[in-house]
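What follows is a single structure, written as structure tokens, with notes after it.
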Amino acid sequence: MKQRVSALLRDKFNYDVALEKPKDRSFGHFATPIAFSLAKELRKSPMIIAQEIATSFGEESTFSAVESVGGYINFRLSEHFLDEYASWALDHPLQFGQNTKQGRVLLEFVSANPTGPLHIGHARGAVYGDTLLRLGRHLGYDITAEYYVNDAGNQIDLLGVSLQLEGRSTLLGESVEWPEKYYRGEYLSDLARDVVEQFGAEALRDESRQKELALWAKDKILALIVEDLKGINVHFNTFVGEASLYEQWDRVMAKMGEGVYLNEAKTFIRSSDHGDDHDRVVVRDDGRPTYLAGDIIYHNQKFERDYDHYINIWGADHHGYIARVKAAVSFLGYDPKKLEVQLSQMVSLLKDGEPFKMSKRSGTVIQMGDVVEEIGSDALRFMFASKKCDTALEFDIEELKKQDSSNPIYYVQYAHARIQTLLAKSELTHEQIMATQLYDLSADADGLLFEALLLPEVIEDAYESRQVQKVPDYLKALSARLHKFYYDTRIIGTEDEAKLLKLLLVVALSIKTGLSLMGIDAKDRM
RNA sequence: GCGUUCGUAGCUCAAUUGGAUAGAGUAACGGACUUCGGAUCCGUAGGUUAUAGGUUCGAACCCUAUCGGGCGCACCA
């Protein structure tokens, strides 16, 4: 909708005109402050310029009015334009909000270590990433969702040790000596039980089998993670394992050329050339690669697959890491600007004002699966997607369980369900409803229609600015308008019934589309 | 200490990315037709946008300083 208006203005003025929505809808549908920026150039007051521009619009089918107010130029769309657009959307519900964006994008997110189930912090990244994915795809981008599996290094060794100790301690009743760092949790005793079943109890005591058990457990845990993600409608296209990358190490090292150097038998990367505090070790003096080494090969592999853009969603605790990975990308001969890192901040969970702990055994870890079980995927997704991901988030789990307006997902779902109820109640057929035109609407109805038709702009804005919270914000605002309209306006049995139902169909379409882009199904009944 | 990021109503968050009178929800209080779902709606109250300067037609947003919180500052991932 906005695209058509700005294209029209571009034709008229020969350059892009900034279109905004006016603070007060009574001013019109769109507004532009362009007269302010022209004022200096033309050496005239913004008011006069705006006046001149406004009167230069003659008869025009898109606008019913173009007026200048206080230096702003306000545009009012014609009924004809709005009805035609609404009818098109209702006839092509799946295309509503789609766009013709192009480009192959590699989106890496979650990438949690396969050493335990997902915790609530991972959920935020997962929801954010998946929402971005759905928005981008709807706009036309060709996006691959990828999960990087850290299946190498210390943590895998630690997993093997933890698994054996856990089994010997809880299953075999042995008293064991726990190391300083180890993993714990119910999932480990479950896995230990499987070990006994599949390999026999001896496998728990045989230290030489630690690695084998760790790799076996890693796959089982990854499967758990995939299940968890499925529970919140998050799906990945590709999984890339860290361990599988190291065979490319020599080749990638050579490609880095001057970017790496040897010192005291260790290999460093010159990341300080690219804004890092100091150079980083990539291979230790005993020959073992560091974590960064894996990431260097991984990013080389990403760029060799040749996407137009790369987005990584990382936890905020990794922000110090951005400089070195970008440095590596530069040394590898690629444009680091193509690599975009979005950070998702930490999440802390409260229950009745107290830190919420899921299990005595797992200490402070709050598992995502448990939260989903408690509040449901829809509420979790809506909640997490609602928050800008660069601010720290704290929320109370009891708040989410409430099924009233304090939980915004019900507010939005209720709006959709209300519309469905009305449609079911009406005796008009779909054809009869579609045959009417959205003319002579009241100010409230016009406002509701316009708001509902705004979804495509919201989707584009949310994706391009990487601020997915704009979608739930929009859905809440649209739902509020709907509820108010419903309260104020009698629909069934009036002479405007068909027209108003057509309007509500547009609203329902926007809500349903918006929710589906958040991985949530709209409900017809609650 | 250095880097980075944030600071908006009591609380959780917005604010079209520099635009019109800084808005929602929640908590508090008051109200809503024998009518389409009261899981809703309306009203009251709540603000020196952390502080002080600066940039310009115009600042919550940009610049500088200060104060306060988060996160980093590994040859851990």
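What you see below is based on every heavy atom in this structure, not just the backbone, and it leaves out hydrogens, waters and symmetry mates. Nothing here was measured: the structure is a model prediction, and the numbers come from that model. All chains are named by letter (A, B, ...) in the order of the sequence lines, taking the proteins before the strands, and each is independently numbered beginning at 1.
Spacing between B:rU21 and B:rG38 at atom P, rounded to whole Å, works out to 38 Å. Nucleotides B:rA45 and B:rA9 place their C1' atoms 10 Å apart, quoted to the nearest Å. A distance of about 24 Å separates the C1' atoms of B:rC62 and B:rC13, rounded to the whole Å. Across B:rG58 and B:rA50, the matching C1' atoms stand 23 Å from one another, rounded to whole Å. Separation of the C1' atoms belonging to B:rG47 and B:rA14 is 15 Å when rounded to the nearest angstrom. Taking atom P on both nucleotides, B:rG53 is separated from B:rA60 by 15 Å, rounded to a whole Å.
Side-chain proximity of A:R280 to B:rG37, B:rA20, B:rA74: nearest is B:rA74. Nearest nucleotide to the side chain of A:L422, out of B:rU40, B:rA77, B:rG37: B:rG37. Nearest to the side-chain atoms of A:I492 among the listed nucleotides B:rC36, B:rG37, B:rC33 stands B:rC36.
Put simply, CZ on A:F384 is 11 Å from P on B:rC13, counting in whole angstrom units. Here the P atom of nucleotide B:rA15 and the CG atom of A:D473 are 7 Å apart, to the nearest Å. Following rounding to the nearest Å, A:E427 (CD) and B:rC36 (C1') show an atom-to-atom distance of 13 Å. Taking atom CD of residue A:Q469 and atom P of nucleotide B:rC13, one finds them 12 Å apart after rounding to whole Å. Rounded to whole Å, the distance from CZ on A:F485 to C1' on B:rC41 is 14 Å. Distance, A:D295 CG to B:rA74 P: 18 Å, rounded to whole Å. The distance from atom CG of A:L475 to atom C1' of B:rC13 is 16 Å, rounded to the nearest whole Å. The interatomic distance linking A:D461 (CG) with B:rA15 (C1') rounds to 12 Å, in whole Å.
At a threshold of 4.0 angstrom between heavy atoms, the contacts of A:R490 include nucleobase atoms, whether or not backbone atoms are also involved. Heavy atoms of A:T290 sit under 4.0 angstrom from primed sugar atoms or phosphate atoms, though from no base atom. Note on A:D157: nothing from the nucleic acid sits closer than 4.0 angstrom, heavy atoms only. Using a 4.0 Å heavy-atom criterion, one finds that A:S465 contacts the bases of the nucleic acid, with or without backbone contacts as well.
When Watson-Crick and G-U wobble pairs are counted only if both distances are under 3.5 Å, B:rG68 pairs with B:rC6. In this structure, B:rG23 and B:rC13 make a Watson-Crick or G-U wobble pair, each of the two defining distances being under 3.5 angstrom. Using Watson-Crick or G-U wobble geometry with both donor-acceptor distances under 3.5 Å, B:rG1 finds its partner in B:rC73. Judged by Watson-Crick or G-U wobble contacts below 3.5 Å, the nucleotide B:rU40 has B:rA32 as its partner. Across the strands present, B:rC62 finds its partner in B:rG54; the criterion is a Watson-Crick or G-U wobble pair with both atom distances under 3.5 angstrom.
The base of B:rC71 sits within donor-acceptor range of the side chain of A:H319, with an N or O pair under 3.5 Å. Residue A:D277 places no side-chain atom within donor-acceptor reach of the base of B:rA74, judged by atom type and a 3.5 Å distance cut-off alone. Side-chain atoms of A:Q467 and base atoms of B:rU16 include no donor and acceptor less than 3.5 Å apart.
A residue-by-residue look at A:G153 and A:A480 shows that A:A480 has its nearest nucleotide of RNA chain B further toward the 5' end. Residue-to-nucleotide proximity on RNA chain B shows that, of A:Q155 and A:I73, the 5′-proximal contact is made by A:I73.
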Open item on the list: Test side chain to side chain donor-acceptor pair (under 3.5 Å) on A:N312 and A:H299; report intermediate values, then the result.
Closed with: CA-CA 11 Å; A:N312 292 356; A:H299 281 83; 3.0 Å; yes
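Shown here, B:rU17 is classed syn by the O4'-C1'-N9-C4 or O4'-C1'-N1-C2 angle, which is within 90° of 0.
Between A:Y411 and B:rC41 there is a side-chain N or O to OP1 or OP2 distance below 4.0 Å. Within the 4.0 Å cut-off from OP1 or OP2 of B:rA77, not a single side-chain nitrogen or oxygen of A:R288 is found. Remark: A:K470 is not in phosphate contact with B:rU17, judged by side-chain N or O atoms under 4.0 Å from OP1 or OP2.
Geometrically, A:R466 engages A:Y463 in a cation-pi contact, judged by NZ or CZ lying under 6.0 Å from the ring centre and within 45° of the ring axis.
Between A:K302 and A:E108, at least one side-chain N (NZ, or NE/NH1/NH2) sits under 4.0 Å from a carboxylate O, which counts as a salt bridge. A salt bridge links A:K523 to A:D378: at least one charged side-chain nitrogen sits closer than 4.0 Å to a carboxylate oxygen.
When only modelled atom types and interatomic distance are considered, A:N154 and A:Y291 share no side-chain donor-acceptor pair under 3.5 Å.
Interatomic distance, A:I225 CD1 to A:K220 NZ, rounded to the nearest 0.5 Å: 14.0 Å.
Taking the six-membered ring where the residue is Trp, A:F450 and A:F30 present perpendicular rings, their angle passing 60° and hence far from 30°.
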